[in-house]
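Written out below as structure tokens is the structure these notes cover.
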Amino acid sequence: QVQLVESGGGLVQPGGSLRLSCAASGSMFSLLIMTWHRQAPGKERELVALINSGGRTNYADSVKGRFIISRDIVQNTVYLQMNSLKPEDTAVYYCRAQTYDDYRHSREGSWGRGTQVTVSS
């Protein structure tokens with residue numbers, strides 16, 4: 001069972017940048033599918049970005065070109081660099097880890113508790 005702790009959220013003005021971190025423990029980090037999700041008030045939780053064990057990435061259309069997901073295998077940490085932030089990016093951001101076995105069996109995997117990102121005008 002993997003434990004995840006997000007950090008790096010905060011208050012930022014439109015056009016600004018933040019980098020979120022997700023520290024993982026309890027599993028072989030390099031073998032995990034790591035994803036960032038967000039949930040705004042009154043909205044469904046949505047997938048923001050993904051990085052798989054081979055380093056392949058994918059992004060939601062709403063953040064493509066602005067956000068970058070990356071990982072540091074040595075530090076067991078996945079990052080979400082958020083640039084050109086917009087008010088609509090305001091949400092609680094969650095990190096998720098899935099093993100390939102989780103994916104194969106349609107299991108949710110492990111979730112962090114989230115970190116608040118507020119983009120204020």
Side-chain angles (χ1 to χ4, degrees):
Q1 208 77 19
V2 62
Q3 299 292 123
L4 303 174
V5 180
E6 302 101 332
S7 62
L11 178 66
V12 65
Q13 294 188 7
S17 297
L18 285 174
R19 187 171 75 158
L20 306 182
S21 298
C22 175
S25 63
S27 187
M28 182 64 69
F29 181 72
S30 63
L31 300 181
L32 299 174
I33 303 167
M34 302 297 299
T35 50
W36 284 99
H37 307 250
R38 67 185 181 187
Q39 188 165 21
K43 296 285 189 177
E44 297 286 326
R45 187 173 297 189
E46 65 172 335
L47 174 67
V48 174
L50 175 150
I51 186 165
N52 71 8
S53 62
R56 187 174 183 179
T57 60
N58 196 20
Y59 300 91
D61 288 342
S62 59
V63 307
K64 195 171 298 182
R66 299 188 297 120
F67 291 11
I68 301 170
I69 187 171
S70 62
R71 65 182 181 183
D72 185 330
I73 295 175
V74 173
Q75 296 295 318
N76 291 348
T77 301
V78 63
Y79 302 96
L80 185 67
Q81 177 67 46
M82 304 184 295
N83 300 315
S84 301
L85 283 162
K86 305 174 181 180
E88 49 263 48
D89 295 319
T90 295
V92 177
Y93 283 72
Y94 299 91
C95 181
R96 183 184 71 177
Q98 288 177 293
T99 66
Y100 283 88
D101 190 60
D102 291 333
Y103 180 83
R104 190 179 307 116
H105 295 283
S106 299
R107 295 195 292 247
E108 280 291 295
S110 300
W111 291 85
R113 289 180 289 179
T115 185
Q116 176 71 50
V117 172
T118 302
V119 185
S120 65
S121 301

Heavy atoms of S62 and E46 approach each other most closely as OG-OE1, 4.3 Å

Would Y100 and H105 count as a side-chain contact (heavy atoms from CB on, under 4.5 Å) if you check the C-alpha gap in whole Å, the side-chain angles of each, and the deciding distance to 0.1 Å?
CA-CA 9 Å; Y100 283 88; H105 295 283; over 6 Å; no

Rounded to the nearest 0.5 Å, the CD1 atom of I73 sits from the CG atom of L31 at a distance of 9.0 Å

Salt bridge (charged side-chain N to carboxylate O under 4.0 Å, His left out) filter on R104, not counting sequence neighbours, yields D101

For residues 114-121, dump all side-chain donor-acceptor pairs below 3.5 Å to protein atoms at least two apart in sequence or in another chain.
| from | atom 1 | to | atom 2 | distance (Å) |
| --- | --- | --- | --- | --- |
| T115 | OG1 | G9 | N | 3.2 |
| Q116 | NE2 | A91 | O | 3.4 |
| Q116 | NE2 | T118 | OG1 | 3.3 |

Same cluster or not: W36 versus L18, using hydrophobic residues (I, L, V, M, F, W, Y) connected whenever any side-chain heavy atoms lie under 4.5 Å apart?
yes

Between R71 and S30, the two heavy atoms sitting closest are NH1-O, 4.0 Å

Check your understanding: Strictly by modelled atom types, are T77 and D72 linked by a side-chain donor-acceptor pair under 3.5 Å?
Key -> no

Here the gap from N76 atom CG to S25 atom OG, rounded to the nearest 0.5 Å, amounts to 8.0 Å

Those residues at least two apart in sequence (or on a different chain) that pass side chain to side chain contact (heavy atoms under 4.5 Å, CB included) with A97 are V2, L4, L32, M34

Those residues at least two apart in sequence (or on a different chain) that pass side chain to side chain contact (heavy atoms under 4.5 Å, CB included) with S70 are Y79

Following the transitive rule for hydrophobic clusters with a side-chain heavy-atom cut-off under 4.5 Å over Ile, Leu, Val, Met, Phe, Trp and Tyr, establish whether Y94 and I69 coincide in one cluster. no

Return yes if some donor-acceptor pair links the side-chain N/O of R96 with the main-chain N/O of I33 below 3.5 Å, else return no.
-> no

In short, disulfide (SG to SG under 2.5 Å) pairs touching residues 22-121 with sequence neighbours left out are C22-C95

Checking D89 against M82 for the side-chain contact (heavy atoms from CB on, under 4.5 Å) test, could you report, in this order, the C-alpha distance in whole Å, the side-chain angles of both residues, the deciding distance, and whether it holds? CA-CA 9 Å; D89 295 319; M82 304 184 295; over 6 Å; no

Is there a path of hydrophobic side-chain contacts, each under 4.5 Å between heavy atoms of I, L, V, M, F, W or Y residues, that connects L47 with I68?
no

Taken to the nearest 0.5 Å, the spacing of R38 CZ from L80 CG works out to 9.0 Å

Would you tell me whether R66 and S84 have side-chain atoms, one donor and one acceptor, within less than 3.5 Å of each other? no

Q. Relative to the ring of Y93, is the ring of F67 parallel (under 30°), tilted (30 to 60°) or perpendicular (over 60°)?
A. tilted

Minimal heavy-atom distance between Y59 and A49, with the atoms involved, is CD2-CB, 3.7 Å

Nearest heavy-atom contact between R113 and E6 is N-OE1, 3.0 Å

>> When you measure from the side chain of Y103 to the backbone of G109, do you find a donor-acceptor pair of N or O atoms at a distance under 3.5 Å?
In response: no

query: In the single-linkage hydrophobic clustering (I, L, V, M, F, W, Y; side-chain heavy atoms under 4.5 Å), do L50 and V63 co-cluster?
result: no

| request: Show the numbers, then the answer: is there a salt bridge (Lys or Arg N to Asp or Glu O under 4.0 Å) between K64 and D61? | output: CA-CA 5 Å; K64 195 171 298 182; D61 288 342; 3.2 Å; yes

Between the OG atom in S7 and the CZ atom in R19, the distance rounded to the nearest 0.5 Å is 9.5 Å

Residues passing the side-chain hydrogen bond (donor to acceptor under 3.5 Å, both in side chains) test with T99, sequence neighbours excluded, are D102

